[in-house]
Number of protein chains: 2
Amino acid sequence: MDNNIHSKTHEKADKDTENRIFEAARKVFHTKGLDGARMQEIADEAGINKAMLHYYFRSKDKLFGSIFEEDFKEFFKRLAELISADLPLLEKIEFFVENYLELILQNSYIPAFILSEIHHNPERIKNIFLEKGIKAEQIFMDDIKTAISLGIIRPIDPKQLIVNIIGLCIFPIVAKPILCTMLSFDEKGYRNFIEERKKEVARFVINSIKIN
Amino acid sequence: MDNNIHSKTHEKADKDTENRIFEAARKVFHTKGLDGARMQEIADEAGINKAMLHYYFRSKDKLFGSIFEEDFKEFFKRLAELISADLPLLEKIEFFVENYLELILQNSYIPAFILSEIHHNPERIKNIFLEKGIKAEQIFMDDIKTAISLGIIRPIDPKQLIVNIIGLCIFPIVAKPILCTMLSFDEKGYRNFIEERKKEVARFVINSIKIN
DNA sequence: GTCTATACCGGGATAGAC
DNA sequence: GTCTATCCCGGTATAGAC
């Protein structure tokens, strides 16, 4: 029982340390990227030393991989939830845009992080997809096809429409520094701009595809 | 005169070597990023040795900076050219989308490169902007305002519209690996998808803003 | 201007005591 | 599980011969 207690205590400590490392690593990787991040910085951030990093995760790449995978899955899980809402297409688009924009605004480093690292190592993504098929977009595609055949929206390639909607949401978030410089936004102006986009993007899309 | 000839010869060799380094570095930085790139790899790619890199450019960061600045300026120069075309707004949008999409498709690493590095060092961008004001978007904004007041298009915040158009073009390029995985594109399917977008995006935008 | 050799440093990873 | 000390590799940068 002594053993039991100890092991429980240790388990708790383990989990705790592991989580601390995980969150510290996430923070550092998000801002510095895989190559830019330093194991020392992660250790400092977590309040432990470098050796522990290798004790819990075998290598820098493994640690990064775990975080990337979790972020990626979480991101698409949320996306899937929004996309699966039980609403008629046009309302669903409004619902999706508003919530998706807020989601990525609150977690703006994640899309930037994914886009940035994808480019350096495209394989990582394929593996995650292969391992756990993510087919939320199929639902959306079906909705679109139905709406077209019902004459609610004009004919349009569902893939193009989906890419349009997602691009309209993600681009202004990942390109924030450029937008702020080019359009002379301060932090408040930018926030305001995105706030207005929640309505504007839906209006823009629906205006383009709605019949009559 | 001997001197002259020699110096000319040297100048030419200099320029040549400098350019070789520049192009090699560009290639490596584009694929690996600032932190991921190795000076050795750049030297190999250029067919010279590491010491020469430091002879021509003092440090890795300086070398990177030169390339980033040139890419960035070139990219916005082209954008400015397209945006300044002397056409009525709706035709200009068609013209812009078709050519901009082709431009970034041909140089797809550049937007990805810029977005990725911006995130790690936002200051670099501000400095480039400060040094050389790039105000092409102002022309576009004026066009839009005029079209609205003439009743050609519905009222819309010009900034939102510009961000919409650019986002619709850039997103599918920088997110290529994700799109290919999610939408099951091979290289040819992807190329085809973008080709169709050249017409689709313009149609999508114009449909949304045109009056009657 | 170009090369070789080398100094120097920092980072990832491991060994071993506690 | 946690720490300290250390190995080792590879990268940036420089010195110096040609």
Side-chain angles (χ1 to χ4, degrees), chain A residues 2-29 31-68 117 120-121 124, chain B residues 2-68 117 120-121:
Chain A
D2 216 15
N3 212 339
N4 223 341
I5 292 170
H6 274 149
S7 77
K8 273 190 185 173
T9 308
H10 285 164
E11 268 178 32
K12 209 176 152 216
D14 288 9
K15 265 298 164 205
D16 206 60
T17 307
E18 195 172 324
N19 283 337
R20 286 224 318 282
I21 293 176
F22 210 80
E23 288 314 312
R26 163 172 281 139
K27 191 170 167 183
V28 176
F29 281 133
T31 54
K32 306 284 178 74
L34 170 56
D35 295 314
R38 298 294 145 218
M39 294 296 263
Q40 185 60 58
E41 192 178 349
I42 296 174
D44 293 346
E45 181 76 31
I48 45 99
N49 60 36
K50 276 194 295 177
M52 297 306 292
L53 298 181
H54 292 88
Y55 178 78
Y56 281 96
F57 304 85
R58 280 200 353 209
S59 69
K60 186 186 185 184
D61 199 68
K62 288 258 199 317
L63 176 54
F64 180 85
S66 309
I67 288 167
F68 186 84
E117 294 303 333
H120 296 145
N121 184 359
R124 224 186 284 264
Chain B
D2 216 12
N3 213 340
N4 224 342
I5 291 170
H6 274 150
S7 75
K8 272 188 184 172
T9 307
H10 285 165
E11 268 179 32
K12 208 176 154 218
D14 287 10
K15 265 297 165 206
D16 206 59
T17 308
E18 194 172 324
N19 283 336
R20 286 223 320 281
I21 292 175
F22 211 79
E23 289 313 313
R26 163 172 282 139
K27 192 170 167 183
V28 176
F29 281 134
H30 279 165
T31 55
K32 306 286 178 74
L34 170 56
D35 295 313
R38 298 296 142 214
M39 294 295 262
Q40 184 59 59
E41 193 179 347
I42 295 174
D44 292 346
E45 181 75 32
I48 46 98
N49 60 37
K50 280 191 291 178
M52 296 308 291
L53 298 181
H54 292 88
Y55 178 79
Y56 282 96
F57 304 84
R58 281 203 349 213
S59 69
K60 185 187 185 184
D61 200 69
K62 287 258 198 317
L63 177 54
F64 180 86
S66 310
I67 289 167
F68 186 84
E117 294 303 333
H120 297 144
N121 185 359

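Being a predicted model, the structure only gives us computed values, none of them experimental. Proteins get letters first, then strands, A, B, ... in listed order; numbering begins at 1 in each.
Candidate nucleotides C/dA13, D/dT4, C/dC3 were compared by shortest atom distance to the side chain of A/A51, and D/dT4 ranks first.
Of the residues near DNA chain C, A/A37 and B/N49, the one whose nearest nucleotide (by heavy atom distance) lies more toward the 5' end is B/N49.
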Go through the steps to decide whether B/D44 and B/Q40 satisfy the test side-chain hydrogen bond (donor to acceptor under 3.5 Å, both in side chains), and finish with yes or no. CA-CA 6 Å; B/D44 292 346; B/Q40 184 59 59; 2.9 Å; yes
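Contact between A/E117 and A/L34 at its shortest, heavy atoms only, is OE2-N, 3.2 Å. Looking at every heavy atom in both residues, B/D35 comes nearest to B/K60 through O-NZ, 3.8 Å.
When heavy atoms are screened at a 4.0 angstrom cut-off, A/M39 is found touching the sugar-phosphate backbone but no base atom. Among the heavy atoms of the strands, none lies under 4.0 Å from A/L53.
Rounded to whole angstrom, the span from the CG atom of A/D44 across to the P atom of C/dG11 amounts to 11 Å.
A sub-4.0 Å separation between OP1 or OP2 of C/dA13 and a side-chain N or O of A/H54 is present. In this model, the phosphate group of D/dG1 is not approached by any side-chain N or O of A/T17 to a distance below 4.0 Å at OP1 or OP2. At least one side-chain nitrogen or oxygen of B/Y56 sits closer than 4.0 Å to the OP1 or OP2 atom of C/dT2.
A perpendicular orientation is assigned to the rings of A/F64 and A/F29, their planes being inclined by more than 60° (bins at 30° and 60°).
Residue side chain B/K60 does not reach the base of D/dG11 through any donor-acceptor N/O pair under 3.5 Å, judged by distance alone.
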